[in-house]
Amino acid sequence: MTFLQMLLIAVVQGITEFLPISSSGHLILISVFTGFEDQGPMIDIAVHVGSLLAIIVYFFKDVMGLARGGFASVGIGANNPGAKAERKLFWWIVLGTVPAVIFGFAIKLGFLDAFVRSQFGLEIGTEGLMDALRITDLIAVNLIFYGILLGLADYFGKEDKTFEQMTWRDGLLVGMAQALALIPGTSRSGVTMTAARLLGYGRFEAARFSFLLSIPAVAGAGVLIIPDLLEADSALLVEALITGVMTFIAAFATMAFLMNFLKRASMLVFVLYRIAMGCALLYFF
């Protein structure tokens, strides 16, 4: 990979990871529009880890609260003020992560490929189902479909719940929505914000929970590719590291902008962007 390609991937990832417009879809489209060779899943994970670090730094206070909740669950600091609430939120994040973990392992171990072949008779080739889904038409349809859902949820959704009021049911439902984001064009932040808005959380609170929920999901995705990392050559590892660092810088700046934006504006601009981009992709490709 050239430095220009790494920079372009990092900037696109840093901007689109936190905007509800599908980072994975945009990363795939880089190769379509520029002629660059597809960066592959390892670089995809590297840029997501850069985004993960940006979340941890930006929401450091919340992350520390969740960490205290985890320790309180095993009896460490269980009597501290606020320990009960922090412990509850910690477990709601864990519960919300379960669907994505199950889906991720089903993909990694080939169970999902086998299920699709047996139940639907689809021939998806040796590359696997998720690689087969990295096609422009599907990205376009998902951009439009989930964009419309986001618009409806944002327009009709109430704003009477905060992150601290979350229940196990809400955490699980948002987590189930997050599992859908493994399909390119869906948008992890977009689909989780959609679910949270439908459940009555305000825009700022929906984004806050969405980003915190991504921490274990992205970390888990990184664990799944450890065998691939051990087999990768040094040049690819260096490329992944450089791209991840640049992604962190772009992601942190974008996150600061988005959280301030959501305090005073709706999701409409992102809905219109998704629909316009999806229609353009269907027309040209």
Side-chain angles (χ1 to χ4, degrees), residues 8-30 32-33 44 47-48 50-52 54-55 58-59 136-159 161 163 173-174 176-214 217-218 247 250-284:
L8 182 59
I9 290 172
V11 171
V12 170
Q13 167 66 23
I15 293 175
T16 60
E17 172 67 16
F18 302 112
L19 302 183
I21 55 177
S22 178
S23 60
S24 60
H26 282 76
L27 289 173
I28 293 170
L29 291 176
I30 288 178
V32 174
F33 284 110
D44 285 354
V47 295
H48 279 79
S51 301
L52 170 65
I55 296 171
Y58 188 87
F59 289 102
T136 309
D137 284 350
L138 181 61
I139 293 171
V141 171
N142 282 336
L143 281 168
I144 296 171
F145 176 73
Y146 288 103
I148 293 173
L149 283 184
L150 175 62
L152 293 174
D154 190 51
Y155 184 79
F156 292 105
K158 299 180 180 179
E159 298 190 40
K161 292 183 182 180
F163 179 53
L173 289 174
V174 177
M176 292 173 66
Q178 179 176 242
L180 296 173
L182 292 171
I183 304 173
T186 301
S187 173
R188 194 207 62 80
S189 62
V191 74
T192 51
M193 287 184 199
T194 298
R197 291 289 291 120
L198 286 172
L199 292 169
Y201 293 86
R203 297 183 183 100
F204 183 89
E205 295 297 315
R208 182 185 173 199
F209 182 64
S210 170
F211 298 150
L212 292 174
L213 184 62
S214 74
V218 176
T247 301
F252 187 87
T254 302
M255 191 184 309
F257 160 78
L258 178 63
M259 298 307 290
N260 286 319
F261 176 82
L262 292 178
K263 291 179 181 179
R264 61 181 187 276
S266 73
M267 303 279 193
L268 181 60
V269 62
F270 306 121
V271 174
L272 295 177
Y273 173 83
R274 291 181 63 115
I275 294 174
M277 184 176 183
C279 291
L281 292 177
L282 288 176
Y283 178 80
F284 288 108

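These figures come from a predicted structure and were not determined experimentally. Any value given below was found using the heavy atoms of this structure, including those in side chains, with hydrogens, waters and symmetry copies removed.
Contact detail for Ser51 and Thr247: the closest heavy-atom pair is OG-CG2, 3.6 Å. The shortest heavy-atom contact between Ser214 and Arg188 is CB-CZ, 3.1 Å. Counting all heavy atoms, side chain and backbone alike, Ala177 lies closest to Val191 at O-CG1, 3.2 Å. Across all non-hydrogen atoms, the minimal contact from Val269 to Phe261 is CG1-CZ, 3.9 Å. Here the shortest heavy-atom pairing between Ser189 and Pro20 reads OG-CA, 3.5 Å. Scanning both residues, Ala251 and Ala54, for their nearest heavy atoms gives CB-CB, 3.8 Å.
Pairs passing the salt bridge (Lys or Arg N to Asp or Glu O under 4.0 Å) check and including a residue from residues 197-207, sequence neighbours excluded, read Asp154-Arg197, Asp154-Arg203, Glu159-Arg197, Glu159-Arg203, Glu205-Arg208. Every pair tested for side-chain hydrogen bond (donor to acceptor under 3.5 Å, both in side chains) that includes a residue from residues 254-264 fails, sequence neighbours excluded, so the list is empty.
Taken to the nearest 0.5 Å, the CG atom of Leu198 stands 9.5 Å off from the CG atom of Leu150. Separation of atoms CE (Met193) and CZ (Phe211) is listed at 4.0 Å; rounding is to 0.5 Å. Atom-to-atom distance recorded for Phe270:CZ and Leu268:CG is 10.0 Å, nearest 0.5 angstrom. Note that CD1 of Ile148 is 7.5 Å distant from CG of Leu152, once rounded to the nearest 0.5 Å. Atoms CG and CD1, on Leu143 and Ile21 in that order, are 8.5 Å from each other to the nearest 0.5 Å. How far CG of Leu282 is from CD1 of Ile144: 5.0 Å, rounded to the nearest 0.5 Å.
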* Just do the side-chain contact (heavy atoms from CB on, under 4.5 Å) check on Met259 and Phe59 with the steps written out, would you? => CA-CA 11 Å; Met259 298 307 290; Phe59 289 102; 3.8 Å; yes
* To do: Would you check, one step at a time, whether the test side-chain contact (heavy atoms from CB on, under 4.5 Å) holds for Glu17 with Met255?
  => CA-CA 9 Å; Glu17 172 67 16; Met255 191 184 309; over 6 Å; no
* Step by step, would you call Asn142 with Ser22 a side-chain contact (heavy atoms from CB on, under 4.5 Å)? -> CA-CA 9 Å; Asn142 282 336; Ser22 178; over 6 Å; no
* To do: Just do the side-chain contact (heavy atoms from CB on, under 4.5 Å) check on Tyr273 and Leu19 with the steps written out, would you?
  => CA-CA 11 Å; Tyr273 173 83; Leu19 302 183; over 6 Å; no
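Of the residues listed (Leu180, Ile183, Thr194, Val271), the one engaging Tyr146 in a side chain to side chain contact (heavy atoms under 4.5 Å, CB included) is Leu180, and it is the only one.
Ring-centre distance between Phe18 and Tyr58: not below the 6.0 Å cut-off.
No side-chain heavy atom of Tyr201 sits under 4.5 Å from any side-chain heavy atom of Val174. In this structure, Gln178 and Ser210 have side chains that are not in contact, with every pair of non-hydrogen atoms separated by 4.5 Å or more.
Taking the six-membered ring for Trp and thresholds of 30 and 60 degrees, Phe209 and Phe163 have ring planes inclined between 30 and 60 degrees apart.
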